[in-house]
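Notes follow once the structure below has been shown.
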Amino acid sequence: MKQLTLVIVTQNNRVLLGMKKRGFGAGRYNGFGGKVELGESIEAAASRELHEEVGLIASHLMSVGQLQFAFADDAPDLLVHLFVVTAYTGEVIESEEMKPEWFGFDDVPYDEMWPDDRYWLPAILDGNVCKGRFVFDKPSTKEYTSQILESEILIRATLSELDSVR
C-alpha cells in the first residue's frame with residue numbers, strides 16, 4: 001500500500017487549498033502533500049511536501065487521522081496520513097504543482113474536490129479526527145469525477161478514541 005500525506009492548513013476559520021495543476025488529481029482542489037520517500041518519516045514527508053507545494057514551513061503538524069483509498073480498477077491502494085497546520089512560517093506561493101487559495105470554512109469548493117472530501121473535511125475543520133476507507137471505481141481526472149462504491153468513516157474527538165475502535 002502506497003503511503004501518502006495530506007496537510008490541511010487552517011487559520012481564522014479559513015482553509016488553504018491548492019488547485020492541482022498536474023499529475024494525480026489535476027484539476028481538483030486539495031490539501032498539500034504527497035508521497036513518503038524511502039527512509040523518510042511520515043511527518044518529514046508532510047513537512048517537505050507542504051514546503052515544496054506552497055512555500056510554508058509548519059510550526060507544528062497535528063496528526064488528525066488516516067484515510068485508506070482503494071480503486072476497483074486495480075490502481076494501487078493508498079494510505080493517506082492527515083495533518084492539520086494552524087501555525088507556520090513563510091509566504092504562501094504558487095508552485096508548478098499547486099495554485100493556492102484561501103476559502104472560508106463555509107465556502108469550501110467540495111464540487112471541485114475529490115468526492116470523499118465532503119465526508120471527512122468538515123469534521124477535521126471542526127477540530128475532530130477521523131479514520132476512513134473509501135473504494136472508488138477509478139481515480140478522478142480533470143474530465144472525470146470518481147464514484148464512491150463503498151465507504152466507512154469514523155469521526156472522534158481524539159486519536160486515542162479512533163485507536164480503540166478497530
**OP:** Might you work through the side-chain contact (heavy atoms from CB on, under 4.5 Å) test for Lys21 and Glu96, ending with a clear yes or no?
**Re:** CA-CA 7 Å; Lys21 294 163 53 175; Glu96 291 181 13; 5.5 Å; no
**OP:** Go through the steps to decide whether Tyr88 and Ile57 satisfy the test side-chain contact (heavy atoms from CB on, under 4.5 Å), and finish with yes or no.
**Re:** CA-CA 5 Å; Tyr88 55 83; Ile57 298 169; 5.9 Å; no
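No donor-acceptor pair closer than 3.5 Å links the side chain of Gln68 to the backbone N or O of Asp77.
The local environment of NZ in Lys2 is sparse, with at most 12 non-hydrogen atoms from other residues, nucleotides or ligands closer than 6.0 Å.
A salt bridge is absent between Arg14 and Asp107: the closest approach of a Lys/Arg side-chain nitrogen to an acidic carboxylate oxygen does not fall below 4.0 angstrom.
Side-chain atoms of Glu49 and Leu6, non-hydrogen and from C-beta on, never get closer than 4.5 Å to each other. Considering only heavy atoms from C-beta on, Phe105 stays 4.5 Å or farther from Asp126 through its side chain.
The aromatic rings of Tyr119 and Phe134 are tilted relative to each other, their planes meeting at an angle between 30° and 60°.
For the side chain to side chain contact (heavy atoms under 4.5 Å, CB included) test with Val9, the passing option among Leu50, Leu17, Val15 is Leu50; the others fail. Of the listed residues (Val64, Leu154, Ile153), just one forms a side chain to side chain contact (heavy atoms under 4.5 Å, CB included) with Trp120, and that residue is Ile153.
The minimum heavy-atom distance linking Ser146 with Phe136 is given by the pair CB-CD2, 3.4 Å.
Side-chain contact annotation: Thr145 with Arg28, donor-acceptor N/O pair under 3.5 Å present.
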